[in-house]
Amino acid sequence: MSLVGTGVIFGCVWAVYWLWKVGSREPGLPPGPPTKPLIGNTLDFPTRAIYKRFTEWANTYGDIISLKIGFSSVIILSSPEMVRELLDKRSVTTANRPPVHFVDLITDDHSVGFIDYGVRYKNMRRALLAILNREACVEHLPIQQAEASQLMYDLLKQPEAYFTHVERFSVSSIFSIIFGVRCPRHESPLVQTFFKLEEEWEDLLAPGHQPPVDMLPFLRYIPERWAPWKASCESRMQREAHNGSFIEHLLQEREKYGLTRKEVAYLGSGLIQGGSTTTTAFLRTLMCCLATHGEVQARAHDEIDRIIGPGRIPTIEDVQHLPYLQAIIKEVHRFCPSVPYAVPHYSTAEETIGGYTIPKNSTIFMNIYGIYHSEIAYTQPSEFMPERFIQTEFGTVAGADDSSRRNDLHFGAGRRICPGMLLGNNATTLAALNLIWGFDFRVAKDAQTAREMHVDPNTFTESFIISCAKFPADIRPRSEIHSSLIRAQYSSSRAFFHHFEQELSPEDKAFVETW
Ligand code: HEM
């Protein structure tokens, strides 16, 4: 055989071998579901309820698993130890975000939640912490308290619209804090525009819902007619989806923070996005869990009645005296963590952990849902049982190794941990406290059988942010004394709200006059 012929055969064998290797798990990677040549685990990647599949895989393959998506490695961490080792301790090399090209297209690479961990990110983070640090969050409390008073008032007047009242509460609180404009009703143009965009955005964010442009980078070069998602991203850019409004403090100080005007505007929208859907999800889950767990609600009412009573609206200072309420809040985060697999991190250097090699450029998911639903760490993890947090600090079984556990794992890890943690905690705690103080949550009765309808609190929504699904609710004030206090409190909040109502639409202005 000629030299050329030998070369061709050798080349073919090598090409077949190389193609066969693409998609297979390299030695040293953590275990995971079997791969297929070329595509690896691409077809295994779920399109809905991703956190459930991650958790099934964790039960089969362990606390750290890997997937192969084309050439890339995906790592899924399902224990506090693994999170601590890889995301907390080695946060310098695991603080990046995976390339998500459609996000770059939509935001012109300005989204604080998705930009690379570099100088621009650090400037943004420094600016964020200036308005989200402990002292600043204390200053935001009057807004949150006033908005919580409208939340109670809304529920009093229109209990059947509970699902949207909590959304209004969350958006209005955060808009007031960030942009100085509030949203007095769910139909406010600001709320409607925001949620329309947010819905589309979240749909795009759920892995599997988007085309695999990021996992298989060559797809970026597919001609336009075969890639309608690219066109839709570009149309978002043209629509100027983010309103470009300003954050007064940041605009004044932007040179100190090294930010451009555009970065300030995007920071504002990043905060609204990060803060509103998560708080809404928490409150929806809380209401469903209270309605379906009468004994939990009765115990919480009993505690609140003993410590506060019906004669005054509670404030955040009361929470330290309410251990059962604190346990309920922790259990809501555990039972249905709003961001079940966090926002993926991305490694910028090879790391070794538990004897495995994590290659540079790996996408790393923190399986928060899986960690909080471990059969080993928790008794009956799928049950809503706040008592577990009375029995042990982390709600885990007696004798569990909690040395790596934190009660704020649902806020993420490492250098990308949620910067809005304190503000978010204040919003959820204040709202939970006020709602439980003032109302009785039940599942509505069937008109024909007069029996409570069946509601399974384990039925969660399935997007990037999750909560208990909407349920037929019967929400009533606990007494006439509670009702009149709620009305009085809302009335006295009106003067405070006025500062944030200067730029309302005529329809919103008319609404606040009559509501
Ligand atoms: C119950 C409330 C909240 C929960 C459960 C929550 C959860 C999370 C999680 C899991 C992450 C990803 C962290 C990681 O990558 O490791 C995150 C990121 C983020 N959150 Fe929150 N969050 C909440 C409230 C808020 C609030 C109130 C704000 C703003 C005011 C906010 C702003 C952000 C931002 C900007 C990021 C991106 C950070 C980055 O990429 O560096 N969040 N959040």
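Every number for a ligand or one of its atoms is a count from 1 in the order of the listing. The figures that follow rest on heavy atoms only: side chains count, while hydrogens, waters and symmetry mates do not.
With respect to atom 33 (C) of ligand 1, the closest heavy atom belonging to the protein is Pro419 CD, 3.7 Å. Here the protein heavy atom with the shortest distance to atom 11 (C) of ligand 1 is Phe411 O, 4.0 Å. Scanning all protein heavy atoms for the shortest distance to atom 42 (N) of ligand 1 gives Cys418 SG, 3.0 Å. Scanning all protein heavy atoms for the shortest distance to atom 26 (C) of ligand 1 gives Gly275 CA, 3.3 Å. Here the protein heavy atom with the shortest distance to atom 13 (C) of ligand 1 is Arg416 O, 3.3 Å. Regarding atom 24 (C) of ligand 1, its nearest protein heavy-atom neighbour is Thr278 OG1, 3.4 Å. Looking only at protein heavy atoms, the nearest one to atom 30 (C) of ligand 1 is Ile174 CD1, 3.4 Å. Taking atom 1 (C) of ligand 1 as the reference point, the nearest protein heavy-atom neighbour is His333 CE1, 3.9 Å.
Distances from atom 32 (C) of ligand 1 to the heavy atoms of Gly274, Pro344, Ser170 show the closest one on Gly274.
Distances below 4.0 Å separate heavy atoms of Arg125 from the following atoms of ligand 1: 41 (O). Shown in contact with Gly113 at under 4.0 Å from a heavy atom are these atoms of ligand 1, numbered in order with element: 37 (C), 40 (O). Residue-ligand proximity, Val343 to ligand 1, at heavy-atom distances under 4.0 Å covers atoms 12 (C), 15 (O). Less than 4.0 angstrom separates some heavy atom of Ala413 from each of these atoms of ligand 1: 16 (O). Taking every heavy atom of Leu423 and a limit of under 4.0 angstrom, the matching atoms of ligand 1 come to 30 (C). Using a 4.0 Å cut-off to heavy atoms of Val112, the atoms of ligand 1 that qualify are 35 (C), 39 (C), 40 (O). In summary, the atoms of ligand 1 found under 4.0 Å from a heavy atom of Gly424, numbered by their order in the structure, are 27 (C).
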Practice prompt. Could you walk me through whether Glu147 and Arg182 pass the salt bridge (Lys or Arg N to Asp or Glu O under 4.0 Å) test, one step at a time?
Written response: CA-CA 9 Å; Glu147 289 293 355; Arg182 69 182 300 267; 2.9 Å; yes
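At least one donor-acceptor pair closer than 3.5 Å links the side chain of Arg416 to the backbone N or O of Ala95.
Salt-bridge annotation for Arg334 and Glu331: present, with a side-chain N of the basic residue lying under 4.0 Å from a carboxylate O of the acidic one.
Classification of the Phe384-Phe335 ring pair by plane angle, with boundaries at 30° and 60°, yields perpendicular. Between Phe45 and Phe54, the two ring planes are perpendicular [angle over 60°; tilted spans 30° to 60°]. Classified by interplanar angle (parallel below 30°, tilted 30° to 60°, perpendicular above 60°), the ring pair Phe460/Tyr369 is perpendicular. Note on ring orientation: taking the six-membered ring where Trp is involved, the planes of Tyr378 and Tyr372 are perpendicular (angle over 60°, cut-offs 30° and 60°).
Residue Ser78 is tested with Asn367, Asp63, Thr55 for a side chain to side chain donor-acceptor pair (under 3.5 Å); the sole match is Asn367. For the side chain to side chain donor-acceptor pair (under 3.5 Å) criterion with Thr280, the lone passing option out of Ser170, Ser338, Ser467 is Ser170.
Only side-chain heavy atoms of Tyr121 come within less than 4.0 Å of ligand 1; its backbone N, CA, C and O stay farther off. Residue contacts with ligand 1, taken as heavy atom pairs separated by less than 4.0 Å, involve His345 solely via side-chain atoms from C-beta onward. Counting heavy atoms closer than 4.0 Å to ligand 1, residue Arg97 contributes side-chain atoms (C-beta onward) but none from N, CA, C or O. Of the heavy atoms in Gln273, none comes closer than 4.0 Å to ligand 1. Of all the heavy atoms of Phe282, none lies under 4.0 Å from any atom of ligand 1, so neither backbone nor side chain is involved.
Taking only nitrogen or oxygen atoms, main chain and side chain alike, His410 does not reach within less than 3.5 Å of ligand 1. For a threshold of 3.5 Å applied to N or O pairs, the pair formed by Arg415 and ligand 1 contains no separation below that value. Geometrically, ligand 1 and Met421 share no nitrogen or oxygen pair separated by less than 3.5 Å.
For NE2 of His321, the number of neighbouring non-hydrogen atoms (other residues, nucleotides, ligands) closer than 6.0 Å is greater than 12.
Across all non-hydrogen atoms, the minimal contact from Ile328 to Ala300 is CD1-CB, 3.6 Å. Between Leu423 and Ile174, the shortest heavy-atom contact is CD2-CD1, 3.9 Å.
Phe471 and Tyr162 have their aromatic ring centers within a separation under 6.0 angstrom.
If you check the side chains of Arg415 and Tyr117, you find a donor sitting under 3.5 Å from an acceptor.
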